[in-house]
Amino acid sequence: MNPSPLSSIRPATTDDFDRIAAIAAEGDSSDSNARYLSFVAEHGRLLVAVLDEGVDAFGGMVPVPMGEPGGDTSVAMVTDLFVTVGHRGRGLGEALLDELLDGHPRRMTASSKHPAAVPAYRRAGMQPRWNLLYLEGVATGGGPPLQPAAWQHDRAELIAHFAADGAMVTADAVAMVDDEGVDVLRVHSDDAIRVMTEVSMAFAAGVRIRACVPERHPLATWMQARGFAVVDHDVFCTSEGVEFSSAVSCVHAGLA
Ligand SMILES: CC(C)(COP(=O)(O)OP(=O)(O)OC[C@H]1O[C@@H](n2cnc3c(N)ncnc32)[C@H](O)[C@@H]1OP(=O)(O)O)[C@@H](O)C(=O)NCCC(=O)NCCS
């Protein structure tokens, strides 16, 4: 296949956001609203690939602290990588990844199951490690409401972003509540089952709960034993030696 006529890769501006959202929607992602894109651009990198006829691909990355506080242990999380249908398979994804990850040898991402995705991430030095399960079930009710509290862990800027989007923040959990149910965006605790039990009891019986949980985390087994179904999965890919903290049991698939 002929290479695409790439004229440049450059940082995205807010003027690109509508086009970016359209490219993401073509790739079956509905998450790319302006607030999300601004977060990625401000805290990491948000790049667009410009072809002769305009923007035809984009990618994002945020650095995620990992390991001991104070150490230089950040890992670049690829948040998004999307190419318009007509330009896929021509090297644009790889070119964007090169720019997104320049200077970041430690890398990770939650890959879609698109046939070009894992090959692109392999080429960028990331190997498939485990599945990130999209779990869906229902609340049990019968407990007190969640208690808003100061977040007790790292990723303060991420938690502030979720809160600004309207999420409920407790000491160990972040939950986005809307008419359709509850999305548990983050759980950080050595006792994830206690935290998820509290979330499940805080909402009326039957309210839908969704969460993205590493398949190897005990919370995934526990939730499935309580009727949560795996409705989808991503393939989590990392470079050598990158270990995801076992204290983090629910994540945002894009932002980790
Ligand atoms: C995934 C995606 C970003 C990759 O970008 P791309 O420009 O199409 O991919 P590239 O041309 O850079 O190729 C990347 C690798 O995939 C391989 N590849 C490309 N198309 C492929 C296909 N249809 N089947 C299998 N492998 C394919 C390439 O050979 C290359 O691997 P190599 O370097 O080992 O040869 C793009 O296809 C896309 O937007 N897909 C839909 C949205 C999506 O799922 N995004 C991923 C979100 S995690």
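Throughout, numbering of the chain's residues begins at 1 and tracks the sequence. Order of appearance sets the numbers: ligands from 1, and atoms from 1 within every ligand.
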**OP:** Might you work through the side-chain hydrogen bond (donor to acceptor under 3.5 Å, both in side chains) test for Y134 and D234, ending with a clear yes or no?
**Re:** CA-CA 8 Å; Y134 289 60; D234 287 339; 2.6 Å; yes
Subject >> Student check: side-chain heavy atoms of D183 and R208 closer than 4.5 Å >> reply: yes
**OP:** Taking the side chain as every heavy atom from C-beta outward, state whether R107 and Y121 have any atom pair closer than 4.5 Å.
**Re:** no
Say whether [X], considering both its backbone and side-chain N or O atoms, lies within less than 3.5 Å of an N or O atom on ligand 1.
| X | answer |
| --- | --- |
| G89 | yes |
| A117 | no |
| H87 | no |
| A110 | no |
| G27 | no |
| P119 | no |
| Y121 | no |

For ligand 1, indicate whether the residue [X] contacts it via side chain, backbone, both or neither (heavy-atom separation under 4.0 Å).
| X | result |
| --- | --- |
| R122 | neither |
| R123 | side chain |
| A57 | neither |

**OP:** For S239 and R106, test the side chains for any donor-to-acceptor distance below 3.5 angstrom and give the result as yes or no.
**Re:**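 Short answer, no.
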Original post:
Have H161 and E42 got a donor and an acceptor in their side chains that come within less than 3.5 Å?
Top reply: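 Note: H161 and E42 side chains miss the donor-acceptor criterion.
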Original post:
Hey, looking at atom 13 (O) of ligand 1, which of E26, K113, E94 has the closest heavy atom?
Top reply: E94
Original post:
Any idea which of D234, L96, L81 brings a heavy atom closest to atom 47 (C) of ligand 1?
Top reply: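 Of the listed residues, L81 has the closest heavy atom.
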For [atom], grab the closest protein heavy atom and report residue, atom and distance to one decimal in Å.
| atom | answer |
| --- | --- |
| atom 38 (C) of ligand 1 | R88 NE, 3.5 Å |
| atom 10 (P) of ligand 1 | G91 N, 3.6 Å |
| atom 7 (O) of ligand 1 | G93 N, 2.8 Å |
| atom 37 (O) of ligand 1 | H114 CE1, 3.2 Å |
| atom 20 (N) of ligand 1 | A116 CB, 3.4 Å |
| atom 25 (C) of ligand 1 | P115 O, 3.4 Å |
| atom 43 (C) of ligand 1 | S112 OG, 3.7 Å |
| atom 39 (O) of ligand 1 | V83 N, 2.8 Å |

Subject >> Carboxylate-amine/guanidinium proximity below 4.0 Å for R129 and E240 >> reply: yes
**OP:** Taking only Lys NZ, Arg NE, NH1 and NH2, and the carboxylate oxygens of Asp or Glu, determine whether K113 and D232 approach each other closer than 4.0 Å.
**Re:** yes
Original post:
Considering the options L96, V62, L100, T79, which one meets the side chain to side chain contact (heavy atoms under 4.5 Å, CB included) requirement together with R45?
Top reply: L100
Under a 3.5 Å distance rule, please check whether [X] uses its side chain to pair with a backbone N or O of [Y] as donor and acceptor.
| X | Y | result |
| --- | --- | --- |
| R186 | D172 | no |
| N33 | R35 | yes |
| S29 | A24 | no |

Using a 4.0 Å cut-off to any heavy atom of [X], which atoms of ligand 1 qualify?
| X | result |
| --- | --- |
| R90 | 11 (O) |
| F82 | 39 (O), 42 (C) |
| L92 | 7 (O), 12 (O) |

**OP:** Report, as yes or no, whether the 6.0 Å neighbourhood of atom CG on D178 holds more than 12 heavy atoms from other residues, nucleotides or ligands.
**Re:**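 More than 12 within 6.0 Å, yes.
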Subject >> salt bridge (charged side-chain N to carboxylate O under 4.0 Å, His left out) against D31, all qualifying residues, sequence neighbours excluded >> reply: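 None.
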Subject >> Closest heavy-atom pair and its distance - A173, V195 >> reply: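 Residues A173 and V195, closest heavy atoms: CB-CG1, 3.8 Å.
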**OP:** Take atom 45 (N) of ligand 1 and look for protein heavy atoms under 4.0 Å from it; say yes if you find one, no if not.
**Re:** yes
